[in-house]
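Okay, structure first, notes after.
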Amino acid sequence: MEATLNKGYEPHEVEKKWYTFWENNGLFNASETGDGSDYAIVIPPPNVTGVLHMGHSLNITLQDILCRYRRLRGDNVLWMPGTDHAGIATQNVVERDLSAHGIDRHQLGREKFIEKVWEWRKTYGSAIINQLKKLGASCDWRRERFTMDEGLSRAVKKVFVQLYEEGLIYRGNYIINWCPRCMTALADLEVEHEAVDGHLYHIRYPLVGGGDGPVVATTRPETMLGDTAVAVNPTDSRYTYLAGKEVDLPLTSRRIPVIADAYVDMEFGTGVLKITPAHDPNDFEVGRKHDLESVKVIGDDGIMTPDAGKYAGLDRFDCRKAVLKDLEAQGLLVKVESYNHGVGHCYRCHTVVEPNLSKQWFVKTGPLAEKAMAAVKNGQTKIIPEKWANDYFVWLENIRDWCISRQIWWGHQVPAWTCGGCGEVIVAENLPGVCPVCGSANLVQDPDVLDTWFSSALWPFTTMGWPDNTPLLKTFYPTSVLVTGFDILFFWVARMMMMGLHFMKSVPFSDVYIHALVRDESGKKMSKSTGNVIDPLTVIEKYGTDSLRFTLTAFAAQGRDIKLSEKRIEGYRNFINKLWNAARFSFMHIHEEDATSDFSGLSLPDRWILDRLKTVTRDTAGALDTYRFNDAAGALYQFVWHEFCDWYLEFIKPALYGNKGAGEQASSKKVLWRVLHDPLILLHPITPFVTEEIWHTLPGTEGSIMKAAFPSDASEFKEMALDPAAVTEMSLIMAVINSIRNIRGEMNISPSRVLSVLIQSLDDPTKNILTENQEFIINLARLEELRIETVGEKPKGTATAIVDQAVVSVFLKGIIDFGAEAGRLEKEISKIDVEIDKLNRKLSNPGFVNQAPAPVVEKTKDQFAENVEKKEKLAVNLKRIQSIQSE
RNA sequence: AGGCGCGUAGCUCAGUUGGCAGAGCGCUACCUCGACACGGUAGAAGUCGUUGGUUCAAGUCCAAUCGCGCCUACCA
């Protein structure tokens with residue numbers, strides 16, 4: 001009895017079953033000692049607070065394809081999984097949780113709060129991991145890491161201390177981006193600039209001792225309370241009279257100097273710039289240069305400080321209104337212009353970021369960035385697609401020092417202590433016993449924690465056990481490829497390059513594959529607030545994981561974003577079902593003894609499909625080797641549906657049912673087995689579940705498909721030659737069948753009606769091929785009679801098609817009226833006319849004939865001749881039809 | 001302000017070195033023919049954004065231009 005499958009593919013049970021099977025049998029496990037062909041990917045650690053979205057789905061699918069593919073090619077594959085602790089995001093989530101119970105983290109205290117975060121992580125932290133598993137991710141889960149793990153934390157401290165000792169980490173008072181809601185500093189990258197329609201306010205600062213005084217232009221009038229100078233360009237003749245003067249700072253009792261600095265752009269605004277060193281990065285620089293005081297008028301909470309005088313206690317935006325009102329009352333608000341400018345927002349909570357003077361820790365990025373650039377320039381790391389390399393260079397060239405301290409509780413606490421006795425700062429991996437300077441035991445650790453990206457930057461080697469020199473590191477570092485979206489090219493990729501090169505003395509990965517962003521069907525970024533998200537878990541529920549994976553793969557063309565809609569997923573679900581049914585059909589015929597590549601007595605379709613199989617195998621491997629995922633998916637789709645199902649299965653049905661003798665039946669079954677067996681393996685990286693399920697019903701297989709050898713590595717494949725003759729012959733047969741089907745369709749002849757056909761050809765090879773394979777034509781074109789002749793009487797009452805060297809005549813007498821056939825022929829002829837005209841114009845161009853390569857000219861001439869001949873034959877037939885009509 | 005990308009069938013997109021414009025979905029007509037209606041067969045459908053240039057030949061290379069999207073940036 002043959003094996004059977006359900007009528008339709010039902011993914012859910014299958015997915016659960018095989019995922020468990022794979023995991024339980026250790027099929028995702030990497031061997032840490034390695035075997036020379038080792039392949040490693042570290043996962044971009046999803047945020048522990050995250051919920052699986054389409055971006056993850058694409059990212060994970062592509063990595064999984066690579067890992068499964070490399071395993072099939074025989075590599076020892078490590079896919080290192082884990083999550084990062086997402087400092088600000090996680091703290092926000094837990095704080096929100098607490099505040100729902102009316103608790104503020106400060107009431108709780110730091111230690112208790114961190115306990116709460118760990119509790120939260122225990123409860124919810126595995127959610128995202130389970131979702132990755134639903135996608136089929138074949139990570140080596142035994143090795144799962146978390147950036148706050150003991151081991152990784154130790155690495156973070158070691159890195160911090162070493163960089164500090166090397167002078168690459170320093171602490172200082174600088175203007176940083178401050179989020180007044182998260183109450184922490186942010187790195188430049190963590191600020192999202194958005195164009196905002198604001199105003200440019202022109203404000204007069206009266207001259208001390210009388211006189212109108214200069215007019216400054218600003219978008220943030222509230223900061224004027226912290227002005228400590230007014231600056232003009234020294235070459236600006238309009239303002240030379242101001243040199244050395246002072247102005248009264250309106251709304252305050254302070255007098256501030258007018259200074260001259262070339263930094264001031266004479267073209268912008270009024271050419272007079274107010275200087276607020278505590279609240280603007282440029283002003284800060286100018287202030288340093290001119291030794292100006294910094295007056296901080298906006299507090300860390302966004303509330304005006306006592307230095308803001310009567311405005312103290314106001315929210316920064318209310319203060320702006322109040323200041324404007326007062327200026328206007330005093331007649332000092334000269335002009336208000338509409339002005340569109342970029343305003344920074346916190347990337348976590350979207351609050352307007354305040355540039356703020358603050359004491360923070362920084363990484364000196366210059367020397368690190370140099371090496372990170374060089375490694376890509378000299379090809380140690382390849383960025384794919386290449387165009388992203390440019391962005392990478394530009395960003396690194398303009399990189400500024402990286403502010404790494406955050407004023408939150410959840411994260412790696414800065415390993416620095418201040419001595420209460422003498423004020424000495426001690427940076428060390430562990431709490432020092434006493435101050436090395438004064439011997440005091442009163443040491444207080446810096447309360448700040450490090451940027452989450454600081455620990456993520458170490459991910460490729462800390463997950464493998466660094467700073468210990470583990471076998472894992474020896475085997476798998478540098479990793480083979482990093483797969484990620486361009487949105488974290490700077491956040492993460494560039495920083496991993498810097499840290500990897502510095503601490504491991506070699507790049508963290510040989511390739512960086514940058515994939516698309518998934519957008520909604522109208523091209524917008526999917527976001528919860530716009531409500532246009534397609535939830536991958538819902539999709540999986542509805543269509544199955546393989547459908548989602550195949551869809552994402554098919555659309556993952558390099559360099560273009562993916563616009564996703566459910567319609568597309570449905571289309572590829574149909575493909576999965578098609579594959580399923582092809583297998584179901586095959587299982588009605590093939591048995592254990594067919595599981596062999598010992599072929600003999602192959603029919604033309606057998607030879608043809610083996611040629612196609614070899615081609616699709618080569619193409620799939622070639623595409624996956626070069627990250628052309630969509631090409632792999634496309635080639636397999638085309639092969640399975642259109643070559644295997646549409647043609648091959650239909651061709652061999654008579655043989656399978658034994659209508660063509662035992663010999664052909666036996667050989668077709670063997671070929672069928674092979675042509676089902678190999679594509680399952682080719683498809684497995686993209687659609688792991690359905691292929692595994694079919695695999696277990698396929699005769700002649702044992703164990704998991706994950707353990708199969710990739711077809712191009714199998715000896716049968718290497719022995720299998722391409723068969724161009726079979727391809728040529730088959731295309732003739734298929735063209736003849738198509739031409740008859742076309743007549744049937746165009747003439748509206750019912751599919752159930754069998755037809756009589758006469759094929760005439762003067763070309764012996766053509767005639768022989770058709771004669772040898774006439775049963776295929778009879779079958780697929782649904783004929784009751786097929787005659788093949790050299791030449792003979794001109795048949796009457798037929799519809800005609802020209803295929804290569806053959807004239808195909810379908811007898812229509814008594815079936816349809818000939819007006820329809822006349823119309824069809826006219827249409828056909830006018831199509832050919834267009835073609836002939838095009839070719840003729842080419843050939844009558846002396847430039848083309850003389851200068852184009854000979855083969856191209858020859859080809860064009862042949863095509864021209866063919867078309868002319870075809871047209872003549874059709875014209876003869878048209879005449880004959882017309883004469884029948886007039887009879 | 002600078003940089004990058006995209007404009008190809010009604011829709012979504014392929015198109016690697018220049019050499020006859022492709023796919024999926026949708027649409028139209030017909031079809032229970034022993035895997036599949038999540039299916040089959042056939043069909044209609046495009047001035048490759050626009051303009052110019054290079055070339056025998058341009059969707060493809062160059063220049064300009066229009067439209068859209070994104071990224072980077074300390075011009076108040």
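Chain A is the first sequence line, chain B the second, and so forth, proteins listed ahead of strands; every chain is numbered from 1.
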### Message
What's the closest nucleotide to the side chain of K578(A) if the choices are C75(B), A35(B), A44(B)?
### Response
A35(B)
### Task
With heavy atoms under 4.0 Å as the rule, sort D265(A) into base, sugar-phosphate or nothing.
base
### Task
Assess the side chains of Y543(A) and E566(A): does a donor N or O sit below 3.5 Å from an acceptor N or O?
yes
#### Entry: Rounded distance in Å - CZ (F585(A)) to C1' (C33(B))
13 Å
### Message
Does the plane of the ring in W388(A) sit parallel, tilted or perpendicular to the ring in F486(A)? Use 30° and 60° as the thresholds.
### Response
parallel
### Query
If we ignore angles and hydrogens, is there a donor and acceptor under 3.5 Å between the side chains of N356(A) and S358(A)?
no
### Task
In plain terms, say whether K542(A) and E570(A) are close enough for a salt bridge, that is, a side-chain N and a carboxylate O under 4.0 Å apart.
no
### Message
Measuring only the C1' atom in each nucleotide, how far is A63(B) from U72(B)? A whole number of Å is fine.
### Response
26 Å
#### Entry: Of the listed nucleotides C25(B), U12(B), A35(B), the one nearest the side chain of K567(A)
C25(B)
### Query
Are the charged groups of R220(A) and E354(A) less than 4.0 angstrom apart, N to O?
yes
### Query
What is the pairing partner of G69(B), taking Watson-Crick or G-U wobble pairs with both distances under 3.5 Å in any strand?
C4(B)
#### Entry: G10(B) to U50(B) separation - P atoms, rounded to the nearest Å
14 Å
### Message
Looking at E746(A) and K827(A), is there a salt bridge between them, counting it only when a charged N and a carboxylate O are closer than 4.0 Å?
### Response
yes
### Query
How does each nucleotide of nucleotides 15-23 of chain B score, in 5' to 3' order, for protein heavy atoms under 4.0 Å: base (B), sugar-phosphate only (S), or none (-)?
----BBS--
### Query
For atom P, what is the distance between C74(B) and U16(B), given to the nearest Å?
38 Å
### Quiz item: K653(A) side-chain donor-acceptor pair to A35(B) base, under 3.5 Å
yes
### Task
Report yes if a donor N or O on one partner sits less than 3.5 Å from an acceptor N or O on the other, where the partners are the side chain of R744(A) and the base of C30(B); otherwise report no.
no
### Message
Given U12(B), A76(B), A35(B), identify the nucleotide with an atom nearest to the side chain of R568(A).
### Response
U12(B)
### Query
Is there ring stacking between Y657(A) and G34(B), where the centres must be under 5.5 angstrom apart and the planes under 30 degrees?
yes
#### Entry: Identified pairing partner of U16(B), criterion: Watson-Crick or G-U wobble below 3.5 Å
none
### Task
Round to a whole Å and report the spacing from CZ of F555(A) to C1' of C25(B).
9 Å
### Task
Kindly point out which of A42(B), C71(B), C38(B) is positioned nearest to the side chain of E746(A)?
A42(B)
### Query
Base, sugar-phosphate alone, or nothing: which one does K861(A) contact when heavy atoms must sit under 4.0 Å apart?
nothing
#### Entry: Complementary nucleotide for C11(B) - Watson-Crick or wobble, under 3.5 Å
G24(B)
### Query
So, the side chain of D837(A) versus the backbone of D833(A): is there a donor-acceptor pair under 3.5 Å, distance only?
no
### Task
If U32(B) has a Watson-Crick or G-U wobble mate with both distances under 3.5 Å, name it; if not, just say none.
none
### Task
With heavy atoms under 4.0 Å as the rule, sort D283(A) into base, sugar-phosphate or nothing.
nothing
### Task
Report the nucleotide, chosen from A35(B), C71(B), A42(B), that has the shortest atom-to-atom distance to any side-chain atom of F490(A).
C71(B)
### Message
What I want to check is whether the side chains of K274(A) and T223(A) have a donor and an acceptor closer together than 3.5 Å.
### Response
yes
### Message
Does C71(B) have OP1 or OP2 under 4.0 Å away from a side-chain N or O of K387(A)?
### Response
no
#### Entry: N390(A) side chain, from C-beta outward: closest of C4(B), C74(B), C56(B)
C4(B)
